Amino acid sequence: MSGSRSLRARISTIVVGIPLIVSGRVAVAQQRPATVDSSKQTTRSVIGDSTKVARQGLVLVTSESEDRMRTRELGRGVETDPSLLLRSASSLTPSNAGLTGEWVATPIRPEFLAVINTQLPFSQNYGAMWAGRGLSTRTLIGVRLERPRVRIIIAPEVILSTNSDWLLRHDFFAPDLPPGRSQYDLPFYVGRYTIDQPMRFGNRPIGRLDPGETTAMFSGDRFAFGFSNENEWWGPGVRNAMVLSNNAPGFPHLFARTARPLHTRLGAVELRWLAGGLAESAYFDTVSTNNVRSLASFGATLQTGWDPNLSFGFARSVYATADGWGPVFWRWFDVFSRTSGTAQSSVKKDQLFTLFGRWLFPADGVEVYVEWGRLELNPSLRDLLIAPNHSQGYTVGTQWSGGDWRSGSFRLQGEITQLEQSATFRDQPVPSWYTSARVIQGYTNRGEMLGASIGPGAQSQFVGADYLRPSWRLGTFAGRIRWNEDAHDNFGFPAYAAYCNQDVSIYGGLRGARTASAGTFTMDLTFQNRMNAFFQNAGGCPLDRRLDIHNTTIGFSFAPAR
């Protein structure tokens, strides 16, 4: 891990030094009016009273501002700006650059996130922060330096966590880990398919400075190029994104993307292409020669010309072994390569592929969306026709907003994600999502899933209901997650114990947000019962010697208005 730390230190030094060597005068954004592209100003207005706040901060991929954008689209439809299917902080946040050649410096308003878990870790879509037991916090700070063609966002994050002790394993099952594995590694992925998924990140408090949402980019008329560490969210899911999400820390990468939607006869096209490096966590194994992997990802969407509220897209990621950071930024074309048949190659590869779509019906306040993917891409049409569900995963979701009770409205949400192995295991081996037989760390960065937060071999169901007003919202939610079911099916538990020892979380709670003159507050309160936690039920259904853990999660965020 020392190599990855030194690389991040070098990157931070370069990024911080850029503003000092750039020629031209620097103007402070608050001292003169900012000019924003009119095509973006229309869509950003859906934030309502928080538009000015968003311009002085960053609109993160799962922030309150992004949620308001998407909710307002339920009634107004998708406008001419990006469709939210491929998004990141640098694309969601409007630029403050004027039309002159001067630099504009805008301090980024601090954004604070705190999560408390009372009994065990529960962490979903928190970016660089892993929420262990106890108090975990993430504080984003920084500055934006912008010109009409150049944009530099320096937005590091301070990560602090008590990382308190909890019941890692029970005496029911204590599997032997392979030689060289960390004692914190999840012990059930030890066979053909493995993954870097620690149950706990060490036994000490966590404190570090993360590059966060830092980005440096150059924009032309149609395309933008640059270097970034920011999180990307690809796909239509609200709770889970199958290829790229903000569940794991951002990773350093070079990127090329459309600067704005490209208008064609079929509709507006958006493209994103990136190549970067993934780091192994310090709690997977003791081997120092495999700490880095490469990742090449490509995504494209079409906002159809015949119905701007209908969008389609696809995404593919290919990750591969690497002998250091040197080659990872040059593996752009891995995303177009085959990953099967690489047993004799020194570079091992694996991949994910998804198709997705989103359709809004503004007259009814409804949207429906779906994402479908496969781990194995077999060029045989025969195999596709015989077993189209082989190695598949999917997300299906919907939202509705309507009613007008004293200038407010109601919103209902529902989402189902299924990543468990398909029934085709009866005919041929079936891989497990995010694990790999070729790249032992799987589809992770620093020990967390790059895709859906529920993780490998899991399924989830979620429903939510909110009452929305222009400056606040209040709602409730409930859900279920069946964790690591592929590991449960393949680990080899004794017959008496395997029966009815699935690891399942049932949860529910309250959520709300308030935008006031001081800033924007959000609060989530979740009550969770994790049944047979980590498969700890030694008697199965008849004896019911189970280990259930009741956990309360309190999440709080605050972003000041100035």
Side-chain angles (χ1 to χ4, degrees), residues 39-51 59 61-87 92 233-242 261 266-270 301-314 354-372 394-418 460-479 511-513 515:
S39 65
K40 292 188 176 183
Q41 195 169 11
T42 303
T43 300
R44 303 311 171 199
S45 65
V46 304
I47 305 175
D49 295 338
S50 64
T51 303
V59 181
V61 294
T62 54
S63 63
E64 179 67 13
S65 294
E66 186 275 334
D67 181 68
R68 284 177 174 269
M69 290 180 194
R70 185 159 180 170
T71 300
R72 190 65 64 88
E73 286 185 347
L74 293 176
R76 296 186 177 182
V78 179
E79 303 184 31
T80 58
D81 222 27
S83 61
L84 300 181
L85 292 176
L86 303 174
R87 62 183 189 265
L92 290 173
W233 187 286
W234 292 7
V238 172
R239 304 283 296 185
N240 289 299
M242 293 168 61
L266 295 178
V269 174
E270 295 178 66
T301 65
L302 171 67
Q303 183 182 6
T304 60
W306 58 91
D307 185 352
N309 296 309
L310 175 61
S311 299
F312 299 101
F314 73 89
T354 66
L355 301 171
F356 49 85
R358 180 181 181 227
W359 201 352
L360 280 82
F361 303 89
D364 301 307
V366 173
E367 78 160 298
V368 292
Y369 58 88
V370 62
E371 183 172 17
W372 176 88
Y394 62 83
T395 290
V396 178
T398 184
Q399 292 195 94
W400 169 83
S401 179
D404 187 3
W405 180 55
R406 296 184 179 180
S407 301
S409 62
F410 295 94
R411 180 182 66 182
L412 300 178
Q413 294 178 317
E415 184 172 291
I416 297 173
T417 299
Q418 166 63 264
S460 70
Q461 301 82 39
F462 174 86
V463 293
D466 301 278
Y467 177 64
L468 309 174
R469 296 292 295 269
S471 61
W472 59 271
R473 63 175 170 84
L474 181 65
T476 185
F477 59 91
R511 61 185 182 182
T515 298

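Worth saying up front: this structure is predicted, and the values here are computed from it rather than measured.
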For residues [X] and [Y], report the shortest heavy-atom separation together with the two atoms involved.
X	Y	value
Asn240	Glu415	N-OE2, 3.0 Å
Gly77	Pro362	CA-CG, 3.6 Å
Arg87	Gly235	NH1-O, 4.1 Å
Gly408	Tyr467	CA-OH, 3.6 Å

Determine whether a donor-acceptor pair (N or O, by modelled atom type, separation under 3.5 Å) exists between the side chain of [X] and the backbone of [Y].
X	Y	value
Trp306	Leu310	no
Thr71	Asp67	yes
Thr398	Glu367	yes

Quiz item: Given Thr417 and Thr395, is the side chain to side chain donor-acceptor pair (under 3.5 Å) satisfied, shown in steps?
Solution: CA-CA 4 Å; Thr417 299; Thr395 290; 2.9 Å; yes
Self-check item: side chain to side chain contact (heavy atoms under 4.5 Å, CB included) between Val366 and Gln399, intermediate numbers included
Solution: CA-CA 6 Å; Val366 173; Gln399 292 195 94; over 6 Å; no
Exercise. Given side chain to side chain contact (heavy atoms under 4.5 Å, CB included), test Arg411 with Trp400 step by step and report yes or no.
Key: CA-CA 5 Å; Arg411 180 182 66 182; Trp400 169 83; over 6 Å; no
Are any non-hydrogen side-chain atoms of [X] and [Y] less than 4.5 angstrom apart?
X	Y	answer
Pro261	Val269	no
Arg358	Leu85	yes
Asn309	Phe361	no
Asp466	Arg511	yes
Leu84	Val78	no

Quiz item: After noting the C-alpha distance and the side-chain angles of Phe462 and Gln413, does the key distance pass the side chain to side chain contact (heavy atoms under 4.5 Å, CB included) rule?
Solution: CA-CA 8 Å; Phe462 174 86; Gln413 294 178 317; 4.1 Å; yes
Point-to-point distance, once rounded to the nearest 0.5 Å, from [atom1] of [X] to [atom2] of [Y]:
X	Y	atom1	atom2	result
Thr515	Arg469	OG1	CZ	13.5 Å
Thr304	Trp359	OG1	CH2	8.5 Å
Phe477	Arg239	CZ	CZ	7.0 Å
Thr301	Glu270	OG1	CD	4.0 Å

Quiz item: Of all residues at least two apart in sequence or in a different chain, which pass the side-chain hydrogen bond (donor to acceptor under 3.5 Å, both in side chains) check with Gln418?
Solution: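 Not a single residue meets the side-chain hydrogen bond (donor to acceptor under 3.5 Å, both in side chains) criterion with Gln418.
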Quiz item: Is the Lys NZ or Arg CZ of Arg70 less than 6.0 Å from the centre of Tyr369's six-membered ring, within 45° of the axis?
Solution: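 Yes, Arg70 lies over the aromatic ring of Tyr369.
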Exercise. Verify side chain to side chain donor-acceptor pair (under 3.5 Å) between Ser311 and Gln303, making sure each step is shown before the conclusion.
Key: CA-CA 4 Å; Ser311 299; Gln303 183 182 6; 5.2 Å; no
Exercise. Step by step, work out the side chain to side chain contact (heavy atoms under 4.5 Å, CB included) result for Glu371 and Leu355.
Key: CA-CA 6 Å; Glu371 183 172 17; Leu355 301 171; over 6 Å; no
Quiz prompt | Electrostatic pair Glu73-Arg68, nearest N-O below 4.0 angstrom | solution =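 Between Arg68 and Glu73 there is no salt bridge, as every charged N stays at least 4.0 Å from the carboxylate O atoms.
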Quiz item: What about the rings of Phe356 and Trp234, do their centers lie closer together than 6.0 Å?
Solution: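 Not under 6.0 Å, so no.
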